[in-house]
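I have placed the structure first, in the form of structure tokens, so that the comments after it can refer back to it.
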Amino acid sequence: MASQSKLPIATYREALVSSVRENQTLVVTGETGCGKTTQLPQFLHEAGLGEGGMIGITQPRRMAAISVAHRVSEEMGKSLGGTVGYQVRFDDCTSPDTKIKYMTDGCLLRELLDDHTLSSYSIIILDEAHERSLATDVLFGLTKRLLPHPLGDGSLKQRDRPLKLIVMSATLDVKRFSEFFDNCPIFTIPGRVYPVSIHYSFTDETFDPMKTSYLSRVEQVVMDTHMEKGPGDILVFLTGQQEIESMCDKLFKSAERIDYEHDVLCKDVLGLAILPLYGSLPTEQQQRIFKQSERGIRRIIVSTNIAATSVTVDGVVYVIDSGYVKQLSFNPRTGLDVLAVVPISKSEAEQRAGRAGRTAPGECHRLYSQSFYNSLNQNTIPEIQRASLSSVILDFKCMGISNVIEFEYLDPPEERMIAEALKQLYYFDAINDKGQVTPLGRQIVQFPLQPNLSRVLLKSKSLECEEAVLPIVAMLSVENVFIRPSSKKQALESMEAHKELQEAGGGTSDFATLLAIYKLAMESGNQKRWCRDNYVHWRSLKTAQSIVGQLKNILNKQEVLGDSTEEIRAAPLGERVRQSLCFGLFSNAARLAPNRRSFRTMDGHSTVAFIHPSSVLFGCEDSLDWIVYHEIVDTAKTYLRTVCPVRYGWVKDLLPRLHEVDAYRLSDCERKRSLGGEEEEKEEEGPVSKKQSLEKEEKERENALRLQEKAKAARERYLSRKKT
DNA sequence: GAGCACTGC
């Protein structure tokens with residue numbers, strides 16, 4: 001209790017409670033560490049505000065939901081799972097007594113699918129809203145519908161008592177949240193953060209964003225900081241695993257050199273510990289970050305963006321910020337996911353700098369110039385505007401939200417992103433050509449999978465091969481299972497090991513390899529050891545195992561029409577598995593080109609692509625004809641990853657569907673619905689002209705961009721001439 | 001002949 005009352009939020013207890021009491025919606029803002037996440041739910045509970053139902057608090061991450069629930073139950077002196085509980089995937093720690101429930105945003109979204117009015121909650125708190133995760137953004141719009149008119153749209157009034165909604169966020173961009181909820185009040189809690197001084201390592205003259213030599217600059221700034229500055233750990237933000245590993249090597253070498261030349265470096269700092277930090281790092285190695293450094297040892301943590309939000313590193317006084325991040329975006333024009341290195345946003349830069357001021361005043365060194373900073377976007381583009389939306393759109397359709405274009409988004413995605421999602425859903429027969437959800441769509445939405453994988457799984461049940469397909473689908477939905485070490489010797493060893501696993505799968509398809517890995521690991525006496533010996537990520541495999549269990553439960557509840565005839569039953573298991581894969585992934589079909597090396601995709605884009613070198617079928621192109629793939633990635637070339645040969649006979653009846661309906665026609669169904677529909681005679685003419693006008697718009701946009709580029713280049717040429 | 005940031009159901 002003593003530590004609790006010291007939190008900045010304690011002073012505002014009464015004011016906060018009455019604010020919540022008086023308002024339908026409220027935005028609460030305060031820096032990390034002010035105690036809002038742990039204290040506010042307790043205040044509300046103790047004030048009796050949660051009597052009509054639970055107080056639900058969403059978090060973007062599992063770890064946060066679990067650990068916060070632990071802390072709060074301890075503070076309240078109750079056992080976890082009673083008054084205070086949590087729910088994350090695979091782990092429901094709640095009971096009928098639970099009054100305060102911490103959960104992931106994804107979990108609440110799932111719950112909303114079964115209970116459109118969230119009838120078991122009296123208050124919903126959307127925490128960490130500034131992070132703008134896809135699920136939280138969707139929850140913004142969905143919960144708003146539950147609020148009484150005129151705030152909500154009045155479409156859902158079935159709740160016997162109105163829901164209260166609280167949005168919690170760091171201090172940035174809070175006004176927008178309030179505006180979204182009809183200018184609801186904003187409650188600000190002062191935080192406890194130390195000042196961080198900002199230093200730009202470049203001037204405009206010395207900084208060239210096109211030059212990627214910033215790694216050597218990183219090394220120099222880190223070593224300078226180490227040599228010249230007082231105690232405190234150094235946190236370096238880079239973009240990816242490889243970059244981090246090579247930077248750690250570099251730093252290690254130059255630290256050795258300096259050690260040799262100077263003997264003792266800095267009065268208070270006797271040595272260095274150089275620690276890499278990124279998501280796929282084994283958990284034990286990540287744990288080293290949580291341990292405080294030994295006295296006199298300075299830690300240099302070289303990290304991806306994971307240290308900006310997900311992992312808290314204590315003791316950091318110096319932050320070195322590269323200014324870049326790796327970010328995944330979906331390109332609706334090509335249908336490709338692109339993982340690219342892009343400049344961070346201003347708010348991301350602030351977030352990184354803030355990591356230096358958690359325990360003492362700190363310093364942030366930005367490896368760019370002031371004007372580069374000025375040119376950055378204010379905020380990162382929210383995930384909902386970057387991600388593929390097919391799952392979210394299907395969720396909407398199943399919740400009875402018929403018009404997904406007019407839905408109230410905090411930041412609406414581009415219409416072509418929505419159109420692309422509708423098209424995908426139509427391909428899978430999850431919606432019909434009028435944009436209405438089909439019975440298959442209602443089944444697909446039950447699974448925590450990408451829609452195409454749900455379809456694979458459902459087909460496998462009707463072909464009676466789900467025991468083999470379940471692990472495959474699970475393995476496809478976890479992060480990459482193959483470990484690729486950076487050292488040469490180990491890299492060779494890992495390749496040998498992976499070759500053997502491909503052999504074990506029969507060498508026929510990459511999906512078969514995944515199944516073989518799953519089976520072999522399960523059969524081995526010591527899974528962890530087996531994984532280490534075979535260069536397979538144990539963590540991913542464990543997750544896949546849990547997913548298999550979860551999917552099996554859901555699949556058992558589904559009624560699947562058995563189209564399994566005598567003939568099908570007589571077919572070998574491998575055939576049936578491939579047929580299931582083909583049925584779900586047919587929009588990812590590709591055909592061998594006449595050059596007998598490359599493939600052309602059948603998704604309408606007719607992209608030229610190659611089988612990825614890591615595939616078991618790499619080098620066997622000549623013997624193939626039709627394949628389906630799980631992923632298409634644009635790296636050195638356009639590659640198809642995880643592929644499987646299929647028969648033309650399996651795809652030929654499915655493929656026409658890829659050309660049956662136009663994405664914008666589906667969008668039109670959405671728009672028509674918002675007008676009240678029924679304008680039948682316009683059906684023929686409307687969509688075409690709409691499509692044309694959209695194409696025109698697109699063209700105009702492209703032209704404008706091209707002109708901008710041209711002008712920019714001309715200006716740069718001019719400026720450089722002027723300089724010389 | 002490659003190279004995957006981070007979450008979540």
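Order of the sequence lines sets the chain letters (A, B, ...), proteins ahead of strands, with each chain counted from 1. Quick caveat, the model's predicted, so the values are computed rather than measured.
With B:dC9, B:dA2, B:dC6 as the choices, the nucleotide that has an atom nearest any side-chain atom of A:R89 turns out to be B:dC9. For A:R62, taking side-chain heavy atoms from C-beta onward, the closest of the listed nucleotides B:dC9, B:dT7, B:dA2 is B:dC9. Out of B:dA5, B:dG8, B:dA2, the shortest distance to the side chain of A:Q241 is found at B:dA5. Listed candidates were B:dG1, B:dT7, B:dG3. Nearest to the side chain of A:P613 is B:dG1. Side chain of A:F618, nearest nucleotide from B:dG1, B:dA5, B:dT7: B:dG1.
Between A:Q242 and A:G279, the residue whose closest nucleotide on DNA chain B is further toward the 5' end is A:Q242. Nearest-nucleotide mapping onto DNA chain B: of A:V325 and A:R110, the residue sitting toward the 5' end is A:V325.
A:E383 has its CD atom 12 Å from the P atom of B:dT7, to the nearest Å. In this structure, the CZ atom of A:R386 is 14 Å from the P atom of B:dC6, given to the nearest Å. Atom NE2 in A:H612 sits roughly 8 Å away from atom P in B:dA2 (whole-Å rounding). Atom C1' of nucleotide B:dT7 and atom CG of A:L109 are separated by 14 Å, given to the nearest angstrom. For A:L449 and B:dG8, the CG to C1' distance is 13 Å, given to the nearest whole Å. Look at CD1 on A:I66: it is 13 Å from P on B:dT7, rounded to the nearest Å. Counting to the nearest Å, the C1' atom of B:dG3 and the NE2 atom of A:H537 are 13 Å from each other. Residue A:L389 contributes atom CG, which lies 19 Å from atom P of B:dC9 at whole-angstrom precision.
Of the residues in residues 338-345 of chain A, those lying under 4.0 Å from DNA chain B by heavy-atom distance are A:L339.
Taking a cutoff of 4.0 Å between a charged side-chain nitrogen and a carboxylate oxygen, A:D411 and A:R132 qualify as a salt bridge.
A search for ring pair (Phe, Tyr, Trp, His ring centres under 6.0 Å) contacts involving A:F407 returns A:F396, A:Y409, not counting sequence neighbours. Under the ring pair (Phe, Tyr, Trp, His ring centres under 6.0 Å) criterion, A:H537 pairs with no residue at all, not counting sequence neighbours. Remark: A:F330 engages no residue in a ring pair (Phe, Tyr, Trp, His ring centres under 6.0 Å) (not counting sequence neighbours).
Test A:N305, A:N377, A:T309, A:N379 against A:E348 for side chain to side chain donor-acceptor pair (under 3.5 Å) and you get one pass: A:N305.
Residue contacts for A:N480: at a heavy-atom cut-off of 4.0 Å it reaches a base atom on one of the strands shown. A:R484 comes within 4.0 angstrom of a base, heavy atoms only. Across all strands, A:T304 comes closer than 4.0 Å only to sugar-phosphate atoms, never to a base (heavy-atom distances). At a threshold of 4.0 angstrom between heavy atoms, the contacts of A:A636 are confined to the sugar-phosphate backbone, with no base atom among them. Using a 4.0 Å heavy-atom criterion, one finds that A:Y639 contacts the sugar-phosphate atoms exclusively. Among the protein residues, A:E131 comes within range of no part of the nucleic acid, since none of its heavy atoms lies under 4.0 Å from any strand. Among the heavy atoms of the strands, none lies under 4.0 Å from A:Q87. Residue A:S133 is out of contact with every strand shown, counting any heavy-atom pair closer than 4.0 Å. Within the 4.0 angstrom heavy-atom criterion, base atoms lie near A:L328. A:T635 comes within 4.0 angstrom of sugar-phosphate atoms only, judged by non-hydrogen atoms across all strands, and of no base. When heavy atoms are screened at a 4.0 angstrom cut-off, A:M495 is found touching base atoms of the nucleic acid.
Enclosure of atom CG in A:L113 by more than 12 non-hydrogen atoms of other residues, nucleotides or ligands within 6.0 angstrom is indicated.
Between A:T104 and B:dT7, a side-chain N or O to OP1/OP2 separation shorter than 4.0 Å is absent.
Under the ring pair (Phe, Tyr, Trp, His ring centres under 6.0 Å) criterion, the residue pairs touching residues 124-145 of chain A are A:F140-A:F177, A:F140-A:F180, A:F140-A:F181, with sequence neighbours excluded.
Annotation: cation-pi geometry not satisfied between A:R455 and A:F428 (NZ/CZ under 6.0 angstrom from ring centroid, within 45° of ring axis).
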Which side-chain N or O atoms in residues 629-637 of chain A pair as donor and acceptor under 3.5 Å with protein atoms at least two apart or in another chain?
unit_1 : atom_1 : unit_2 : atom_2 : d
A:D634 : OD1    : A:T638 : OG1    : 3.0

